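Computed from a prediction, not measured in an experiment: that's the story for all the values here.
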Amino acid sequence: MRVVMFGYQTWGHRTLQALLDSEHDVVLVVTHPRSEHAYEKIWSDSVADLAEEHRVPVVIRNRPDDELFERLKEADPDIIVANNWRTWIPPRIFDLPRHGTLNVHDSLLPKYAGFSPLIWALINGEPEVGVTAHMMNDELDAGDIVRQEAVPVGPTDTATDLFHKTVDLIAPVTIGALGLIAAGQTEFTKQDRSKASFFHKRSIEDSRIDWTWPAEDLQRLIRAQSEPYPSAFTFHKGKRLEVLAAEVSQGLYGGTPGRIFYREGDGVVIVAGADARTGRNHGLAITRVRTEDGRELGATEYFTTMGGYLTSRP
């Protein structure tokens with residue numbers, strides 16, 4: 001089939017590579033300009049560079065416009081394939097090809113539509129994540145599912161681990177879905193919209209630690225904000241402190257959330273949970289931190305005395 005690809009960052013790059021390696025003919029690529037956004041400077045393999053290496057015409061846009069619409073009509077695609085396109089694609093574009101538009105999304109739809117699905121899923125303790133190829137309609141990430149594959153979330157997996165697990169699913173999910181469409185299949189799996197959830201883009205604010213969260217949730221937040229993502233952070237004596245590694249404490253600790261309380265093994269336990277006063281909660285045992293001036297230290301090296309508080313604000 002004649003394919004136009006819309007995509008950005010490493011997700012779009014992997015999708016384009018899969019298409020180039022397939023039997024399909026990529027006739028045009030549409031991608032975004034480079035961005036300085038913290039979450040767009042990572043996993044930033046260039047879709048434009050890959051297309052140019054293979055002599056595929058490239059159009060760079062923040063969002064579709066009339067000129068792009070005319071280029072698409074000239075390209076005469078059988079299908080558009082999109083992955084990590086960051087702005088709205090209107091119906092006159094997604095309905096233009098003979099077979100419509102196939103969107104590839106890194107979650108197990110209908111859950112985690114929208115942005116940063118791997119990070120949100122890890123924070124929320126989901127047992128598995130995956131990639132879904134679905135037909136685009138006028139509701140974001142809501143179209144019929146053509147193909148979907150899942151991988152389990154391990155007990156120590158970080159968001160970076162999950163990125164590497166799921167990015168490897170892009171090629172089989174995309175090319176497998178195109179195979180079904182090319183073979184003439186037109187009926188696919190409807191999404192159960194009662195199970196749908198829609199998440200916003202993450203920003204630095206979303207990495208701020210709230211010590212009223214349970215320790216289990218905070219430990220997953222720290223894993224979710226693993227390198228190269230911006231680290232989870234708190235404040236100690238008015239200065240920003242990044243938490244690089246932590247575990248749920250063995251013991252139960254009571255008191256006020258954020259209290260720097262007790263050395264446990266290689267960690268320093270911080271009281272956590274909105275109901276910490278009950279003494280029924282585990283704490284968060286921080287094991288490694290990064291200071292405002294960039295020094296990385298073990299928690300027992302950084303916290304030389306117990307007492308005082310970690311806070312959400314300076």
Side-chain angles (χ1 to χ4, degrees), residues 9-11 37-43 84 86 105-132 140-141 148-167 169 195-235 240-249 257-258 267 269-276 281-290 299 310-313:
Q9 295 179 278
T10 300
W11 295 271
H37 188 285
Y39 282 83
E40 294 184 13
K41 291 195 295 183
I42 55 181
W43 314 130
N84 199 41
R86 312 292 280 182
H105 181 69
D106 54 334
S107 85
L108 297 174
L109 293 174
K111 298 173 68 173
Y112 298 95
F115 299 90
S116 304
L118 293 178
I119 294 177
W120 289 114
L122 178 54
I123 290 170
N124 291 331
E126 297 291 348
E128 59 182 9
V129 293
V131 171
T132 302
L140 187 63
D141 295 333
Q148 185 177 79
E149 292 192 22
V151 290
V153 177
T156 62
D157 276 345
T158 65
T160 304
D161 296 326
L162 299 182
F163 166 82
H164 289 297
K165 286 183 178 183
T166 55
V167 79
L169 297 179
K195 297 179 179 178
S197 55
F198 181 48
F199 286 80
H200 62 73
K201 290 181 181 180
R202 290 189 68 79
S203 69
I204 298 302
E205 181 66 25
D206 301 308
S207 303
R208 187 186 303 273
I209 293 174
D210 179 347
W211 292 103
T212 66
W213 283 22
E216 293 83 359
D217 293 355
L218 291 175
Q219 194 258 7
R220 290 194 300 269
L221 171 66
I222 290 158
R223 283 160 51 205
Q225 297 299 147
S226 59
E227 293 285 353
Y229 296 104
S231 300
F233 68 94
T234 187
F235 287 88
R240 181 179 167 124
L241 183 69
E242 296 180 8
V243 180
L244 304 182
E247 301 170 353
V248 176
S249 70
V269 176
I270 313 301
V271 177
D275 60 344
N281 293 358
H282 292 277
L284 186 74
I286 295 175
T287 57
R288 192 154 191 83
V289 299
R290 181 186 293 126
L310 298 181
T311 58
S312 296
R313 306 282 172 180

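- Counting heavy atoms from C-beta outward, Ile42 and Phe163 have side chains that stay 4.5 Å or more apart.
- A 4.5 Å side-chain heavy-atom check between Glu126 and Leu108 finds every atom pair outside the cut-off.
- Interatomic distance, Thr234 OG1 to Leu241 CG, rounded to the nearest 0.5 Å: 7.0 Å.
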Using ring pair (Phe, Tyr, Trp, His ring centres under 6.0 Å), reason through Trp11 and His105 one step at a time and then give a plain yes or no. CA-CA 9 Å; Trp11 295 271; His105 181 69; over 10 Å; no
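- Using a 4.5 Å heavy-atom cutoff, the side chains of Pro228 and Trp43 are in contact.
- The structure places CG of Asp157 at 11.5 Å from NE2 of His164, a figure rounded to the nearest 0.5 Å.
- Taking OG of Ser107 as the start and CD of Gln148 as the end, the distance is 7.5 Å to the nearest 0.5 Å.
- In this structure, Ile209 and Leu310 have side chains that are not in contact, with every pair of non-hydrogen atoms separated by 4.5 Å or more.
- For the pair Arg202 and Glu40, the salt-bridge criterion is not met [side-chain N within less than 4.0 Å of a carboxylate O].
- Here CZ of Arg240 is found 10.0 Å from CZ of Arg290. Values are rounded to the nearest 0.5 Å.
- A distance-only check finds a donor-acceptor pair linking the side chain of Thr287 to the backbone of Ala245 [under 3.5 Å].
- Separating the CG atom in Asp106 from the CG atom in Asn84 is a distance of 7.5 Å, to the nearest 0.5 Å.
- To the nearest 0.5 Å, the span separating CG on Asn124 from OG on Ser197 amounts to 8.5 Å.
- Taking the six-membered ring where tryptophan is involved, the planes of Phe235 and Phe233 are perpendicular, since the angle between them exceeds 60° and thus also 30°.
- Between Gln225 and Ala232, the closest heavy-atom pair is CB-N, 3.6 Å.
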Determine, step by step, whether Arg313 and Glu205 satisfy the salt bridge (Lys or Arg N to Asp or Glu O under 4.0 Å) criterion, reporting the C-alpha distance in whole Å, the side-chain angles of both residues, the deciding distance to 0.1 Å, and the verdict. CA-CA 11 Å; Arg313 306 282 172 180; Glu205 181 66 25; 3.1 Å; yes
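- In this pair, Tyr112 and Phe199 present their aromatic rings parallel. The plane angle is below 30°, not in the 30 to 60° band.
- Considering all non-hydrogen atoms of both residues, Ser249 and Val269 come closest at CB-CG2, 4.0 Å.
- Minimum interatomic distance between Tyr229 and Ala159 (heavy atoms only, all atoms of both residues): CE1-CB, 3.8 Å.
- Taking 4.5 Å as the limit, every side-chain heavy atom of Asn281 sits out of range of all side-chain heavy atoms of Pro214.
- When all heavy atoms of Leu244 and Ser231 are compared, the closest pair comes out as CD2-OG, 3.5 Å.
- Looking at heavy atoms from C-beta onward, Lys165 lies out of side-chain contact with Val153 at the 4.5 angstrom threshold.
- Taking 4.5 Å as the limit, every side-chain heavy atom of Ile270 sits out of range of all side-chain heavy atoms of Leu218.
- The two atoms that bring Leu169 and Val151 nearest to each other are CD1-CG1, 4.0 Å, heavy atoms only.
- Taking every heavy atom of both residues into account, Leu140 and Gly114 meet most closely at CD2-CA, 4.3 Å.
- With contacts defined as side-chain heavy-atom distances shorter than 4.5 Å, the pair Leu284/Ile222 qualifies.
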